[in-house]
**Q** 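The structure that follows is given in the form of structure tokens.
Chain identifiers are assigned alphabetically (A, B, ...) following the order of the sequence lines, protein sequences preceding nucleic acid strands; residue numbering begins at 1 within each chain.
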2 protein chains.
Amino acid sequence: MPTAKPTDAPIDLKAAPARRTRGGPKGLRITDVAAQAGVSPITVSRVFNNPASVAPETLERVRQVVQKLGYVPNRLAGGLSSARSRLIAAIVPTVAHSLFSETIQVFSETMSRAGYEVLLALSGYSDTNEESLLDTVLSRRPEGVLLTGVAHTDSLRERLRNVGIPVVETWDMTDTPIDMLVGFSHYQIGVAVAERFLARGAKRPGLISASDVRALARRAGFRERLAQAGMTEVAEAIVAPPSSVATGKSALPRLLQDAPDVDAVFCGSDLLAIGALGAARRMGLEVPGRLAICGFGDLEFATETMPRLTTVRVDGMRIGLSAARALLDRLDGGLERAFVDVGFRVVGRESG
Amino acid sequence: MPTAKPTDAPIDLKAAPARRTRGGPKGLRITDVAAQAGVSPITVSRVFNNPASVAPETLERVRQVVQKLGYVPNRLAGGLSSARSRLIAAIVPTVAHSLFSETIQVFSETMSRAGYEVLLALSGYSDTNEESLLDTVLSRRPEGVLLTGVAHTDSLRERLRNVGIPVVETWDMTDTPIDMLVGFSHYQIGVAVAERFLARGAKRPGLISASDVRALARRAGFRERLAQAGMTEVAEAIVAPPSSVATGKSALPRLLQDAPDVDAVFCGSDLLAIGALGAARRMGLEVPGRLAICGFGDLEFATETMPRLTTVRVDGMRIGLSAARALLDRLDGGLERAFVDVGFRVVGRESG
DNA sequence: CTGAAAGCGCTTACAG
DNA sequence: CTGAAAGCGCTTACAG
């Protein structure tokens, strides 16, 4: 028999110092690196955040240890301590099949090149929850926010201003942005398309559009410009977002049933326009002779494959880039508030 | 004269307690809410994280104060303290014009419904920096990671396994995933398209493809299946990502210059296919009679508007949903490792 | 159902 | 160029 009977001796759990380790033993900490490298944690911190202030050999030694151990600093801790999260929030309705995704792409690339990461929040098309989404986002303490559109509740606007971080609103236009703005006027697009139709000699313009804020702004410009020309009745088919080819395909026959003499239709998106074009073909309506169709977005697809389509080109990438730059300028201590109208262009291939 | 001359008396900076406030006085803290509500900070914390454990009246009172003050908890602090970041990282090549954006959309929606936020990291098409991107991402201590593809360096794979968080690889197939997988076989797609071409009686198949890993896997399946049928020479035009309509349009003439008798071409994406279709038209080649064209992606655009195009349908949304579910199951304590082949379908309208 | 104490892993501001 | 002390704003684990 051995001299001790381990199983008999009760283990005094209380005697063991209560470990307060919570995440488990997995995580490497800055102190682990510091110990191995024979420096203080502060020096390790500097290696990551201000390498120029560290002696070359020290730098090298610490880096070797970091590499060897596979240490990755904890930015939750770093952010809490420094009050700099290095996070930028982007709130967009959707990234699926949309021009917004180009904006996000370029925005995100630009931000990450500058050392920031992008927290993506998808708001859908309901404005209801934008504010609770903002709360969720603000809980990460982002250093800047990109917003889509300019239609926000007063409470959201005020809260965002109180937070004191730079904000860019995008993809729309207003005289009273929360902070900065990079966008264009949907209303003016409606006006421009109306003028295009008028110039073509359209007698009975119609509209197929989703019911979101920005589509409604285009509609308003469209209708008001037509009203100036004496056309007060505009046939409309309003569809629920998200727009799709299928939606456009089914909307056109409905529109023409209400108003058989419609000879030019402004669609809320290229997808809708393509659907409408398909429907027109099926109905034997010559495009653009009998029926002119104008979309919105200028997707490469649409314009390359549907030469008889007119559309409105908007530069989503430029919006992403300008918005990122505006934010970065301010984060670098710049005082200027960017206000950029990127404009748009009605692109018609049917006449060229 | 007043009894004191403030400007004369030197201000003893040392005497003032060194304020360690760094973020400035702006931020509301949990203690502010606690004080106003007459409870301890712990109770306020519970109101957010475990409301069921708080007495109804206390709950109500605290919520009122939160509302009134506009308090938003600091998740940097919360995450550090609890070792739960509530963050999920998604690393994808791009979100612009791509099926990945559908995946991200659904993934993000599903995750946010479950109380997580998505940190989006765009890797581009270079594998070079995927590892440094991963470091950046891991510094936020995400609780799970979505990866695109299965081609990762050993070091990345090992590191990710060491971190011990659930990982889903997507959009590809392998026998040896890092952890979980939701995808499909690009090789098998190549095989299937080859078989389609063979069934159509193609004598001289060709390929227009980008050079990324997954496109190359499709190419391999395509070539190997054709080789089995005795066709060892396959004309190819390899293009640099990202694919676009323009690229496809310029690639087809090059391909046909090398191999004028090509009668069926497998394109790496629908965009390339559309470009090729445009070029074929311009060259007076009947599609699919003289030249069959097959794309990849089944974009609604492509199939609705180009009835003579064949394509390969892949369900990006399903990938996003399944990947999210796999991660969530594991985060909820599930032990199962998802391994899902979502498959694909060759969709040909030219024969229907 | 509620709270006092300790600690999460960093960085700031100071001093040398 | 480097470091000891204090603190960022929460939550855990315990106790009652």
**Q** Check whether the side chain of B/R46 and the base of C/dG3 form a donor-acceptor pair under 3.5 Å.
**A** yes
**Q** Output the rounded distance in Å from CG (A/L76) to P (D/dG7).
**A**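 Nearest whole value for this atom pair: 22 Å.
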**Q** For a quick check of understanding: with a heavy-atom distance under 4.0 Å over all strands, which category does A/T43 fall into, base, sugar-phosphate or nothing?
**A** sugar-phosphate
**Q** Could you check B/P41 against B/R141 and say which one's nearest nucleotide on DNA chain C is further toward the 5' end?
**A**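 The 5'-side residue here is B/P41.
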**Q** Round to the nearest Å and state the distance from B/I42 atom CD1 to D/dA15 atom C1'.
**A** 11 Å
**Q** Run the ring-centre check on B/Y116 versus B/F107 and record whether the distance is less than 6.0 Å.
**A** no
**Q** Output the rounded distance in Å from CG (B/N50) to P (C/dG3).
**A** 15 Å
**Q** Does A/T58 make a side-chain N or O approach to OP1 or OP2 of D/dT2 shorter than 4.0 Å?
**A** yes
**Q** Look at the side-chain N and O atoms of A/S45 and state whether any lies under 4.0 Å from the OP1 or OP2 oxygen of C/dT11.
**A** yes
**Q** For residues A/E169 and A/R157, determine if any side-chain heavy atom of one lies less than 4.5 Å from a side-chain heavy atom of the other.
**A** yes
**Q** Expressed in angstrom and rounded to an integer, what is the separation of A/I30 atom CD1 from C/dC8 atom C1'?
**A**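 Atom-to-atom, A/I30 to C/dC8, this comes out as 14 Å.
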**Q** Please report the interatomic distance OG(A/S108) to CG(A/L119), rounded to the nearest 0.5 Å.
**A**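 Going from the OG atom of A/S108 to the CG atom of A/L119 covers 11.0 Å.
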**Q** C/dT11 C1' sits how many Å from A/N74 CG, rounded?
**A**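 Nearest whole value for this atom pair: 13 Å.
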**Q** Quick one, A/I104 and B/L122 - any side-chain contact, counting heavy atoms below 4.5 Å?
**A** no
**Q** Any base atoms under 4.0 Å from B/F48, or only sugar-phosphate, or nothing? Heavy atoms, all strands.
**A** nothing
**Q** B/N49 CG to D/dT12 P: how many Å, rounded?
**A**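 Going from CG in B/N49 over to P in D/dT12 covers 7 Å.
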**Q** Is any N or O donor-acceptor pair between the side chain of B/S81 and the base of C/dG7 shorter than 3.5 Å?
**A**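 Between C/dG7 and B/S81, which were checked side chain against base, a qualifying N/O pair under 3.5 Å is present.
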**Q** Respond yes when some side-chain nitrogen or oxygen of A/Y71 is under 4.0 Å from OP1 or OP2 of C/dG9, and no when none is.
**A**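 Result: no.
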**Q** Quick one: B/L80 CG to C/dC10 P, roughly how many Å, whole number?
**A**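 About 9 Å, once rounded to whole Å.
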**Q** In terms of the nearest nucleotide of DNA chain D, which residue is placed more toward the 5' end: A/G38 or B/P73?
**A** A/G38
**Q** Are any of the side-chain nitrogens in A/E117 or A/R86 under 4.0 Å away from the carboxylate oxygens of its partner?
**A** no
**Q** Quick one: look up who D/dC1 pairs with, Watson-Crick or G-U, both distances under 3.5 Å, and put none if it's unpaired.
**A** C/dG16
**Q** Applying a 4.0 Å non-hydrogen cut-off, can you work out what A/T31 is touching in the nucleic acid: base, sugar-phosphate, or nothing?
**A** nothing
**Q** To the nearest 0.5 angstrom, please state how far the OG1 atom of B/T148 sits from the CD atom of B/E130.
**A**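 Spacing of OG1 (B/T148) from CD (B/E130) equals 8.0 Å.
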**Q** Measure from the side-chain heavy atoms of A/S82 and tell me the nearest of C/dC10, C/dG3, C/dT11.
**A**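 Looking only at side-chain atoms, A/S82 lies closest to C/dT11.
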**Q** Roughly how many Å is it from CG in A/L28 to C1' in C/dC8, rounded to a whole number?
**A**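 Taking atom C1' of C/dC8 as the reference, CG of A/L28 is at 15 Å.
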**Q** 5'-most contact on DNA chain C: B/A77 or B/A52, nearest heavy atom basis?
**A** B/A52
